[in-house]
Engineer: 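Take a look at the following structure, please.
All heavy atoms count here, side chains included; hydrogens, waters and symmetry mates do not. Everything numeric in this text was worked out from a predicted model, so none of it was measured. We're numbering straight along the sequence, starting at 1. Counting starts at 1 for both ligands and their atoms, following the listed order.
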Amino acid sequence: MMGATVIMACRSKERAEKAMQKIRDEFQVEKEKRTPVICDTESLSLEFMELDLSSFKSVRGFIEAYKSSGRALHVLVCNAGVALVPFTKTEDGFEVMLQVNYLSHFIMIAHLLPIMRKSGEDCRIVLVSSETHRYCNFDLNKINYSGDPEKFGRSDYYGRSKLYQIMQMHCMHRRLEKSNISVNSLHPGLVDTEISRSFQDYRLLTTFMGISKAFGLMKTPIDGALPIINAVVNPDLKGVGGVYFKSLEGGYSTAEARDETKQEALWKKTLELLKNEILEDQIHGLEGKM
Ligand SMILES: NC(=O)c1ccc[n+]([C@@H]2O[C@H](COP(=O)([O-])OP(=O)(O)OC[C@H]3O[C@@H](n4cnc5c(N)ncnc54)[C@H](OP(=O)(O)O)[C@@H]3O)[C@@H](O)[C@H]2O)c1
């Protein structure tokens with residue numbers, strides 16, 4: 001609504017189109033209210049592109065389509081995610097939360113970074129993480145779960161995927177500090193979205209969420225989007241990177257998330273896991289050598 005062209009990279013065209021229609025309708029309402037900072041164009045520049053983060057083939061297809069569109073890229077919001085999914089392996093052999101929440105975004109960033117480097121000043125990457133990163137184990141030997149599906153720790157592995165995003169953000173910040181790109185991570189809050197669809201059987205958590213909602217402790221999706229929008233458009237954040245926003249003002253992730261040795265070990269491990277997806281050229285780009 002501030003005039004950017006927004007590409008909605010989603011796995012379902014139907015759901016994306018519904019969401020886009022809702023955004024268009026909301027734009028008309030905001031225009032009628034003469035809300036400040038809303039652009040004065042007739043319609044919004046919103047587009048759908050197909051992307052299924054649980055498939056590297058789809059991720060490659062999205063990257064190729066984006067590259068061949070010849071577009072610049074000023075902002076990349078890695079928001080899509082799944083939570084507490086029962087043990088599932090993707091077609092690429094990875095546990096699904098690891099792949100959707102972390103690995104696929106990592107690949108996209110690695111491949112799209114060269115475009116961002118050429119897209120002018122103040123480009124931003126935002127990794128939507130979660131406070132659940134506090135409640136998990138960090139064990140790179142078990143980064144890709146391969147044990148008994150019945151013993152799979154769904155909340156542990158969800159938390160891990162969110163911890164990796166914060167660690168990745170710190171690794172990237174060190175590498176991009178002197179570039180035109182800043183990278184931050186954030187927790188959107190406890191938000192009343194569809195996040196719980198994959199853990200309806202998790203009674204304790206659904207009860208907690210139900211009570212939170214009943215007492216008005218859950219944010220609306222719009223309020224949950226605010227920290228993301230803030231990280232993307234707030235002019236005061238120009239050049240600010242390496243921050244985990246627990247609220248609009250900032251905040252602290254865990255000491256483990258901020259542990260540089262562990263962050264770099266994760267970085268190395270990730271590049272090993274993704275050796276077929278991220279080649280020498282992209283590694284050079286990630287390491288700031290091009
Ligand atoms: N809600 C909360 O309280 C909360 C708290 C902390 C962090 N977060 C984080 O916030 C982010 C957004 O979650 P949400 O709360 O908005 O949940 P949501 O309503 O379930 O939305 C998740 C989005 O991710 C997309 N997605 C899931 N799997 C995908 C895949 N394989 N490929 C492409 N897109 C996929 C979904 O697409 P479809 O529409 O096609 O399903 C949906 O648009 C997540 O990263 C989550 O971890 C949420």
Engineer: Checking the side chain of Asn137 only, and the main-chain atoms of Asp139 only, is there a donor and an acceptor separated by less than 3.5 Å?
Structural biologist: no

Engineer: How far does OG of Ser58 sit from CG of Leu51, to the nearest 0.5 angstrom?
Structural biologist: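 Result: 5.0 Å between the selected atoms.
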
Engineer: With heavy-atom distances below 4.0 Å as the criterion, list the atoms of ligand 1 near Ile195.
Structural biologist: 1 (N), 13 (O), 15 (O), 17 (O), 18 (P), 19 (O), 20 (O), 46 (C)

Engineer: State whether Lys246 and Glu131 are salt-bridged, where the test is any N-O pair (Lys NZ or Arg NE/NH1/NH2 against Asp/Glu carboxylate O) under 4.0 Å.
Structural biologist: yes

Engineer: In ligand 1, which numbered atoms sit nearer than 4.0 Å to a non-hydrogen atom of Asp52?
Structural biologist: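 Going through ligand 1 atom by atom, the ones under 4.0 Å from Asp52 are 30 (C), 31 (N), 32 (N).
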
Engineer: Take the angle between the ring planes of Tyr102 and Tyr164 and call it parallel below 30°, perpendicular above 60°, tilted in between.
Structural biologist: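 The arrangement is tilted - the two ring planes meet at 30° to 60°.
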
Engineer: Tell me which protein heavy atom sits closest to atom 14 (P) of ligand 1, plus the residue, atom name and distance to 0.1 Å.
Structural biologist: Thr193 OG1, 3.3 Å

Engineer: Does NZ or CZ of Arg160 lie under 6.0 Å from the centre of the six-membered ring of Tyr157, at an angle within 45° of the ring axis?
Structural biologist: yes

Engineer: Below 4.0 Å from any atom of ligand 1, is there a heavy atom belonging to Ser196?
Structural biologist: no

Engineer: Would you check whether Gly81 has a nitrogen or oxygen atom less than 3.5 angstrom from a nitrogen or oxygen atom of ligand 1?
Structural biologist: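 Yes, there is a polar N/O contact under 3.5 Å.
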
Engineer: Can you tell which of Arg197, Met8, His187, Arg11 gets a heavy atom nearest to atom 29 (C) of ligand 1?
Structural biologist: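 Comparing heavy atoms across Arg197, Met8, His187, Arg11, the nearest one to atom 29 (C) of ligand 1 lies in Arg11.
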
Engineer: Please confirm whether Ser12 comes within less than 3.5 Å of ligand 1 when only nitrogen or oxygen atoms on both sides are compared.
Structural biologist: no

Engineer: So does Arg71 pair up with Glu47, basic N to acidic O under 4.0 Å?
Structural biologist: yes

Engineer: Please state which option from Pro221, Ala9, Ala80 has its nearest heavy atom closest to atom 23 (C) of ligand 1.
Structural biologist: Ala80

Engineer: Under a 4.0 angstrom heavy-atom cut-off, which atoms of ligand 1 come close to Val128?
Structural biologist: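 Those atoms are 9 (C), 10 (O), 11 (C), 45 (O).
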
Engineer: Determine whether any protein heavy atom is located less than 4.0 Å from atom 18 (P) of ligand 1.
Structural biologist: yes

Engineer: So how far is it from Ile278 CD1 to Leu286 CG, rounded to the nearest 0.5 Å?
Structural biologist: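 Those atoms lie 6.0 Å apart.
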
Engineer: Looking only at distances, can you tell me whether any N or O atom of Val191, backbone or side chain, sits closer than 3.5 Å to an N or O atom of ligand 1?
Structural biologist: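 Yes, Val191 has an N/O under 3.5 Å of an N/O on ligand 1.
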
Engineer: In ligand 1, which numbered atoms sit nearer than 4.0 Å to a non-hydrogen atom of Leu51?
Structural biologist: 32 (N), 33 (C)

Engineer: Students should be able to answer this: which protein heavy-atom is nearest to atom 39 (O) of ligand 1, and at what distance?
Structural biologist: Arg15 NE, 2.7 Å

Engineer: Do Glu95 and Arg154 meet the salt-bridge criterion of a basic N to acidic O distance under 4.0 Å?
Structural biologist: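 No, no charged N to carboxylate O under 4.0 Å.
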
Engineer: Among Ser161, Ser58, Gly189, Ser130, which one has a heavy atom closest to atom 5 (C) of ligand 1?
Structural biologist: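 The residue whose heavy atom sits nearest atom 5 (C) of ligand 1 is Gly189.
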
Engineer: Can you tell me the protein heavy atom closest to atom 7 (C) of ligand 1 and the distance?
Structural biologist: Ser129 O, 3.2 Å

Engineer: Find all atoms of ligand 1 within a distance of less than 4.0 Å from any non-hydrogen atom belonging to Leu190, and give their numbers and elements.
Structural biologist: 3 (O)

Engineer: Report the nearest protein non-hydrogen atom to atom 46 (C) of ligand 1: residue, atom name, distance rounded to 0.1 Å.
Structural biologist: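 Nearest protein contact, heavy atoms only, for atom 46 (C) of ligand 1 is Tyr158 OH, 3.6 Å.
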
Engineer: So which heavy atom in the protein is nearest atom 32 (N) of ligand 1, and how far is it from that ligand atom?
Structural biologist: Leu53 N, 2.8 Å

Engineer: Test the Arg175-Trp267 pair against the cation-pi criterion, namely NZ or CZ under 6.0 angstrom from the six-membered ring centroid and within 45° of the ring axis.
Structural biologist: yes

Engineer: Going by the atom numbers of ligand 1, which of them fall below 4.0 Å from some non-hydrogen atom of Val82?
Structural biologist: 27 (C), 28 (N)

Engineer: For atom CD of Glu272, is the number of surrounding heavy atoms from other residues, nucleotides or ligands below 6.0 Å larger than 12?
Structural biologist: yes

Engineer: Who gets closest to atom 11 (C) of ligand 1 by heavy atom: Asn79, Asn101, Thr90?
Structural biologist: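 It is Asn79 whose heavy atom sits nearest to atom 11 (C) of ligand 1.
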
Engineer: Going by side-chain contact (heavy atoms from CB on, under 4.5 Å), Leu237 matches just one of Asn230, Asp122, Asn184. Which one?
Structural biologist: Asn230

Engineer: Assess Lys162 for proximity to ligand 1: is some non-hydrogen atom of it under 4.0 Å away?
Structural biologist: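 Contact check Lys162 vs ligand 1: positive.
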
Engineer: Counting distance only, does the side-chain N/O of Ser161 pair as donor-acceptor with the main-chain N or O of Leu98 below 3.5 Å?
Structural biologist: no

Engineer: Salt-bridged, Glu50 to Lys13, with N to O below 4.0 Å?
Structural biologist: no

Engineer: Please verify whether a non-hydrogen atom of Pro188 lies at under 4.0 Å from ligand 1.
Structural biologist: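 Distance cut 4.0 Å: Pro188 passes for ligand 1.
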
